[in-house]
Each structure stands twice: as C-alpha cells, then as structure tokens.
> 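First, the structure itself, so that you have it in front of you.
One-based numbering along the sequence shown. Since this is a predicted model, take the numbers as computed values, not measurements.
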Amino acid sequence: MRRITTYFCFVYETKILYLYFIYRTIPDMDKEQIKQIIGENQEFVKDITFMERPFTFEDAGNYVFLGIRRAGKSYLMYQRIHQLLKKGHTIEEILYINFEDERFIGLKSAELDDIKLAYEETFPYQPIFFLDEIQVVDGWEKFVRRLVDKKYRVYVTGSNAKMLSSEIATTLGGRFLIQEVYPYSFREFLLSQDIILKTNWLYTPSLRNEVVRTFDAYFYNGGFPELIAFKDKRSWLSGLYQKIFFGDLVARYALRNSDSMSLLVKKLAESVMQPSSYNRLKNIVSSAGESVGVRTVIDYVGYLEETWLIFSIENYAARFAERESNRKYYFIDNGILNLFIFNPETLLLENLVAVSLYRMVGKELYFYNQNVEVDFYIPDQKWLVQASYNISDTQTFTREVNGLLKTAKFLKAEKLQIVTRNEERTVEQDGFTIEVIPIWKWMIMLENK
C-alpha cells in the first residue's frame with residue numbers, strides 16, 4: 001500500500017510568504033527500514049556527548065518533556081539513556097525514535113505499532129521507549145497510553161503545549177510525569193564554559209570576574225545549549241526563530257496572515273515591560289497597517305504560548321475577570337527577544353528576571369499594579385521583586401523603593417529585592433529591608449534556593 005504525503009515548501013521574500021504544496025506518493029515504511037533506523041539510533045545515542053543537567057529521574061516514572069525547540073529536551077533523553085546504561089541496561093534495550101526524521105513524514109498513529117513490532121522482531125527484550133517530538137503524529141497519546149498500560153517504560157518529548165490539553169491529559173490519565181524544559185540557567189551556562197563555582201567563589205577575585213564577564217554572553221544571547229558552539233550567534237538564533245515561526249506557527253496553525261503574526265511578535269518584544277490587553281495589541285498591530293480583530297489577536301497569542309516562545313503573567317491586583325485580558329508577556333529566552341529590539345538592556349534585564357522566577361514558580365508568578373507597580377510578586381513566599389537596570393539616578397531609585405514599600409505594606413510582604421545590572425547595597429526604610437543585588441549574583445543565588 002502506498003500513501004499520499006503532503007510536503008510544504010516555504011519561500012519568504014519581500015515580506016510575502018509563498019506556500020507551495022508538493023504532493024508525492026511514497027511507499028509505506030516497511031519493517032526493514034524501521035529496524036535499520038532503530039539500529040542507527042542506538043549507535044547514535046550510545047556515542048553522543050552531552051552536559052549532564054541537574055535533573056533527578058524517578059526510576060518508576062514515565063515522562064513527558066515539554067518546551068521550546070532546542071531547549072535540551074532530547075539531551076535529557078540522552079542523559080537518561082546513559083544513566084540506564086550505567087545501571088546495567090544494554091543499548092539493545094533502547095528504542096529511540098525522532099519523529100522529525102524525514103523518513104517518518106506523514107506517519108499515522110495507526111502505524112506507530114509497526115515500530116514496536118519491528119523492534120520485537122529484532123531484539124529479545126522489552127524495550128524502553130524514547131519518543132522524540134512525537135506531537136507531529138496526531139493521536140500519539142493513545143499509543144503511549146497503551147504502552148504504559150502494558151508496563152513499558154516510556155519517555156516522550158514535544159515542543160507544543162497542546163500536549164498538555166485536557167483531552168490528552170485525560171487519555172494519559174496521570175500515568176506520566178510532566179517536566180517543562182528550559183534553555184540553560186546561568187549556572188548551567190557557566191558549567192558549559194567549564195566554570196565551576198566553589199563555595200567561596202564570591203571572594204575569589206579571578207573567579208568572580210570570570211562569572212561577570214561570562215554573564216554578558218548569557219544576557220544578550222540567551223541559554224540555548226547548541227548556541228554555545230556557534231560564533232555567529234545571531235544567525236543561529238534567527239534560524240531557530242524562523243523554524244519556530246514558519247514550522248510551528250504558520251504551518252501548524254495554517255495562518256493565512258503571517259505578516260500580522262510577525263508584527264505581533266515584534267510588538268510583544270517591544271512591550272515586554274508593559275501590561276498589554278488584547279485590545280491594545282489589536283490596535284498596535286492594526287495601526288501598522290495589518291488589520292486584525294481581537295479574536296485573531298487572542299488566537300495568535302495563544303499559539304505563541306503553545307510553542308513556548310512566550311509566557312504571560314497576571315496582575316495580582318486585578319479583578320479575576322480582568323486578569324486574563326491584561327497581562328505582561330515575556331520571551332522564554334533572552335536571545336530570541338534580542339532579535340527584535342534596539343538598545344535592549346532594560347528589556348533584557350526584566351525579561352531575564354521574569355524567566356528565572358517563572359521557571360521556579362510557574363503560574364504562581366504575578367505582577368502588581370494598583371496605583372503603584374511592582375514588577376513581580378510571589379504570594380506564597382511574600383516576595384516582591386523590582387527589575388531596574390540602573391538605580392543610580394535619584395528619581396529612579398525613589399520610584400523603585402517607594403513602589404516596593406507601598407506594596408509591601410499593603411500585601412504584608414516580607415522579602416523585598418531590586419535586581420539591577422551591577423549595583424549592590426542594602427536599603428533600610430520604614431521597617432523594611434530592601435536588598436539591591438546585581439542580576440548575575442541574584443540568578444546564582446536563586447538556583448541555590
């Protein structure tokens with residue numbers, strides 16, 4: 001039997017996206033080809049090198065790893081495979097498949113079982129499944145549910161938050177541990193540069209200076225693991241963004257007006273520090289010549305969040321009905337954000353503080369805006385944080401401190417911080433202690449919590 005597969009070819013020039021549909025008839029993948037791919041992948045994962053990340057796997061757990069493309073989801077799989085090999089498992093027990101391999105284009109969920117059957121005809125073991133970017137196969141969740149029900153160990157990655165939808169969650173039925181994967185934290189970035197922080201690193205001038213110098217690269221270029229090997233980092237980041245934009249947004253959601261989406265991304269980048277309602281975003285995009293409605297903006301923002309390109313936080317002071325429609329939006333990585341903005345330092349600092357807090361507490365992160373504004377608030381920890389690139393100016397210092405004090409008195413907050421680029425001191429006022437701390441130091445301390 002032969003199947004018809006649709007290929008998409010994108011050509012982007014002079015702001016016009018040409019989408020070509022190319023129909024090819026290709027033969028169904030036979031078991032011999034699948035067996036060959038399984039063998040190739042066993043050799044590949046056995047020999048791959050990687051930096052181990054600080055993640056502890058539950059031996060009895062099945063996992064779904066989710067996050068933006070190139071954040072390191074596959075490498076967590078490789079890390080787990082090597083742990084299993086050290087524990088006595090053999091490479092022949094590993095069944096690793098990357099579903100973005102072009103040989104799997106057009107694969108249907110009904111054909112997933114062919115992979116299992118091909119393995120079982122080759123090896124006398126119960127395989128441990130590692131299924132990479134499986135979201136490209138519609139209906140994948142029923143297959144992995146069946147595997148787990150039959151006591152197979154399964155690890156899955158995906159780069160679309162729809163994998164967390166209620167329908168899929170119901171199918172998986174609590175059988176998987178969900179783990180969000182982000183690009184490198186600053187401490188991980190330091191380790192990737194062979195910079196190991198000893199207990200007294202702050203008091204070792206050479207090491208402290210090396211940390212400060214290394215932070216510049218992280219601050220402007222972000223923490224995608226693969227980026228480290230490239231000299232032309234902006235080109236690599238641009239290529240990644242184009243892959244996300246055209247592959248994960250335009251093609252997956254069949255967007256008819258890619259220019260509006262492109263403009264929305266740029267405006268969100270320029271508005272990182274400002275609360276934005278859907279109406280405001282609609283007006284900004286429309287004023288630039290791209291007519292869109294509020295419903296379209298709501299959909300587009302949802303798509304951006306589903307691809308992990310951005311995330312949003314709510315105003316803690318707003319009424320419940322207003323929280324959803326008036327949010328602050330941040331980019332999951334500074335390198336992507338930096339593609340869209342000029343004189344970026346102030347925006348990059350607040351974005352990096354947002355990412356660091358969000359990966360720690362997720363949706364429990366808020367901002368506070370009612371008469372005064374505080375950039376970040378974590379209610380459970382009674383913790384307020386202002387992000388301010390430079391507070392050497394008296395007016396800026398007074399504004400940031402007064403905002404913290406007024407909000408702290410009202411919310412009965414206990415921990416108050418101002419995260420800056422380089423300034424450090426302690427402010428005692430009105431019975432509160434405000435810690436002013438440089439971001440490179442703050443991020444390392446945050447990971448020690």
> Sequence neighbours left out, what passes ring-ring contact (aromatic ring centres under 6.0 Å, His included) with Phe44? Give chain and number order.
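Phe44 satisfies ring-ring contact (aromatic ring centres under 6.0 Å, His included) with Tyr78 only.
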> Restricting to non-hydrogen atoms, name the atom on Ser388 and the atom on Leu349 that form the minimum distance, rounded to 0.1 Å.
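It is N-CD2, 3.7 Å.
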> Listing request: all ring pair (Phe, Tyr, Trp, His ring centres under 6.0 Å) pairs with a residue in residues 266-305, at least two apart in sequence or in separate chains.
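The answer is Tyr253-Tyr303.
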> State, yes or no, whether a side-chain contact exists between Val385 and Trp383 at a heavy-atom distance under 4.5 Å.
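Contact flag for Val385/Trp383 side chains = yes.
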> With side chains defined as the heavy atoms from C-beta onward, is the minimum distance between Tyr63 and Glu58 less than 4.5 Å?
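Yes, their side chains come closer than 4.5 Å.
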> Could you list all the salt bridge (Lys or Arg N to Asp or Glu O under 4.0 Å) pairs where at least one residue sits in residues 42-52, not counting sequence neighbours?
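Listed once each, the pairs would be none.
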> Any sub-3.5 Å donor-acceptor pair from Glu180's side-chain atoms to Phe65's backbone N or O?
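Side chain of Glu180 to backbone of Phe65: no pair is present.
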> Quick check: do Tyr329 and Leu281 have side-chain heavy atoms less than 4.5 Å from each other?
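Tyr329 vs Leu281: side chains touch.
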> Below 4.5 Å, heavy atoms only, C-beta onward: do Leu191 and Met51 meet side chain to side chain?
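They are in side-chain contact.
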> Is the count of non-hydrogen atoms from other residues, nucleotides or ligands lying under 6.0 Å from Lys162 atom NZ greater than 12?
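No, not enclosed.
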> Near Arg425 CZ, under 6.0 Å, is it more than 12 heavy atoms from other residues, nucleotides or ligands?
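More than 12 within 6.0 Å, yes.
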> Decide yes or no on side chain to side chain donor-acceptor pair (under 3.5 Å) for Ser74 and Asp132, but give the supporting numbers first.
CA-CA 7 Å; Ser74 299; Asp132 211 349; 2.5 Å; yes
> Can you list every salt bridge (Lys or Arg N to Asp or Glu O under 4.0 Å) pair that touches residues 265-275, not counting sequence neighbours?
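Listed by first then second residue: Lys266-Glu270, Lys267-Glu270.
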> So, Ser287 side chain and Ile284 main chain: donor-acceptor pair closer than 3.5 Å or not?
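Yes; at least one donor-acceptor contact below 3.5 Å.
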> Taking salt bridge (charged side-chain N to carboxylate O under 4.0 Å, His left out) as the definition, give me every residue that meets it alongside Lys142, ordered by chain and number, with sequence neighbours left out.
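None.
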> Okay, side chain of Glu423, backbone of Ile437: is any donor-acceptor separation there less than 3.5 Å?
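No, the answer is negative, given that no donor and acceptor are paired below the 3.5 Å cut-off.
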> Distance-only, no hydrogens or angles: does the Lys73 side chain make a donor-acceptor pair with backbone N or O of Ile68 under 3.5 Å?
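At least one qualifying donor-acceptor pair exists.
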> Applying ring pair (Phe, Tyr, Trp, His ring centres under 6.0 Å) as the test, list every pair that has at least one member in residues 170-195; sequence neighbours left out.
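Those involving residues 170-195 are Phe186-Phe215, Phe186-Tyr218, Phe189-Tyr218.
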> For Asp194, enumerate each residue passing the side-chain contact (heavy atoms from CB on, under 4.5 Å) test, keeping only those at least two apart in sequence or located in another chain.
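Not a single residue meets the side-chain contact (heavy atoms from CB on, under 4.5 Å) criterion with Asp194.
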> State whether a side-chain donor-acceptor pair under 3.5 Å links Asn369 with Asn315.
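Checked: Asn369/Asn315 side chains show no N/O donor-acceptor pair below 3.5 Å.
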> Quick check: does any side chain N or O of His82 sit under 3.5 Å from a backbone N or O of Val45, one acting as donor and the other as acceptor?
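Here the side-chain-to-backbone pair exists.
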> Is there side-chain contact between Asn221 and Leu227, with at least one heavy-atom pair below 4.5 Å?
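Side-chain contact under 4.5 Å: yes.
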> Distance to the ring centre below 6.0 angstrom and angle to the axis at most 45 degrees; does that hold for Arg421 and Phe219?
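Pair Arg421/Phe219 counts as cation-pi.
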> One thing to verify: whether Lys406 and Asp430 come together as a salt bridge, which I'm taking to mean a side-chain N less than 4.0 angstrom from a carboxylate O.
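Judged by the 4.0 Å cut-off on N to carboxylate O distance, Asp430 and Lys406 do not form a salt bridge.
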> Under 3.5 Å, is there a donor on one side chain and an acceptor on the other for Ser392 and Asn390?
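Indeed, the side chains of Ser392 and Asn390 share at least one donor-acceptor pair under 3.5 Å.
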> Please identify each residue that fulfils ring-ring contact (aromatic ring centres under 6.0 Å, His included) with Phe410, with sequence neighbours left out.
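With sequence neighbours excluded, Phe410 shows a ring-ring contact (aromatic ring centres under 6.0 Å, His included) to no residue whatsoever.
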> So, are Asp248 and Arg69 salt-bridged, with charged N and O less than 4.0 Å apart?
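Judged by the 4.0 Å cut-off on N to carboxylate O distance, Asp248 and Arg69 do form a salt bridge.
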> How far does CD1 of Ile134 sit from CD1 of Ile97, to the nearest 0.5 angstrom?
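Ile134 atom CD1 to Ile97 atom CD1 measures 10.0 Å (nearest 0.5 Å).
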> Kindly determine whether Asp59 and Arg153 satisfy salt bridge (charged side-chain N to carboxylate O under 4.0 Å, His left out), including the steps that lead there.
CA-CA 9 Å; Asp59 284 338; Arg153 185 68 60 233; over 6 Å; no
> Is there a donor-acceptor pair closer than 3.5 Å between any side-chain N or O of Arg145 and the backbone N or O of Thr171?
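Yes; judged by distance alone, with no hydrogens or angles, the pair exists.
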> Tell me whether the centres of the aromatic rings in Phe129 and Tyr155 are closer together than 6.0 Å.
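Ring-ring flag for Phe129/Tyr155: false, centres at least 6.0 Å apart.
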> Kindly state whether the ring of Tyr316 and the ring of Tyr377 have centres lying under 6.0 angstrom apart.
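Ring-ring flag for Tyr316/Tyr377: true, centres closer than 6.0 Å.
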> Does any non-hydrogen side-chain atom of Leu66 lie less than 4.5 Å from one of Val64?
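Yes. Closest side-chain heavy atoms under 4.5 Å.
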> Flag the pair Leu249 / Met261 as yes when at least one side-chain heavy-atom distance between them is below 4.5 Å, and no otherwise.
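SC-SC contact between Leu249 and Met261 confirmed.
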> Report the residues that fulfil side-chain contact (heavy atoms from CB on, under 4.5 Å) with Glu305, sequence neighbours left out, ordered by chain and then residue number.
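With sequence neighbours excluded, Glu305 shows a side-chain contact (heavy atoms from CB on, under 4.5 Å) to Val301, Ile310, Ser312, given in chain and number order.
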> Which residues pass the side-chain contact (heavy atoms from CB on, under 4.5 Å) test with Val136, sequence neighbours left out?
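side-chain contact (heavy atoms from CB on, under 4.5 Å) list for Val136, sorted by chain: Phe99, Glu100.
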> With a 3.5 Å cut-off and no angle check, do the side chains of Arg187 and Asn448 form a donor-acceptor pair?
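Side chains of Arg187 and Asn448: pair found under 3.5 Å.
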> Any side-chain heavy atom of Val144 within less than 4.5 Å of one from Leu172?
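They are in side-chain contact.
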> Quick one: are the ring centres of Phe55 and Phe57 less than 6.0 Å apart?
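Yes, they do, as the ring centres are separated by less than 6.0 Å.
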> List in chain and number order the residues that pass side chain to side chain donor-acceptor pair (under 3.5 Å) with Arg70, two or more places apart in sequence or in another chain; answer none if no residue qualifies.
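By the side chain to side chain donor-acceptor pair (under 3.5 Å) rule, Arg70 matches no residue at all.
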> Got a sec, which residues hit side-chain contact (heavy atoms from CB on, under 4.5 Å) with Lys328, two or more places apart in sequence or on another chain?
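Partners of Lys328 by the side-chain contact (heavy atoms from CB on, under 4.5 Å) criterion, ordered by chain and then number, come out as Pro275, Ile313, Tyr330, Glu350, Phe367, Glu373, Asp375.
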> Under 3.5 Å, is there a donor-acceptor pair between the side chain of Thr307 and the main chain of Leu304?
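Yes, because the side chain of Thr307 sits within donor-acceptor range (under 3.5 Å) of the backbone of Leu304.
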> Do Gln193 and Thr214 pair up side chain to side chain, a donor and an acceptor below 3.5 Å, judged on atom types alone?
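Looking only at side-chain atoms, Thr214 and Gln193 do not form any donor-acceptor pair under 3.5 Å.
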> Around Glu428, counting heavy atoms of other residues, nucleotides and ligands shown, do more than 12 lie under 6.0 Å from its CD?
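Yes.
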> Donor-acceptor check, side chain of Asn334 to backbone of Leu348, threshold 3.5 angstrom: yes or no?
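Looks like yes, one N/O pair under 3.5 Å.
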> Are any side-chain N or O atoms of Thr157 and backbone N or O atoms of Glu133, one a donor and one an acceptor, separated by less than 3.5 Å?
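Pair found, side chain donor or acceptor close to backbone of Glu133.
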> With a 3.5 Å distance limit and no angle check, can you tell me whether Thr407 reaches the backbone of Gly403 through a side-chain donor-acceptor pair?
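Between the backbone of Gly403 and the side chain of Thr407 there is a qualifying donor-acceptor contact (under 3.5 Å).
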> Regarding Trp140 and Gln135, is there a side-chain donor-to-acceptor distance under 3.5 Å anywhere?
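There is no such pair between these side chains.
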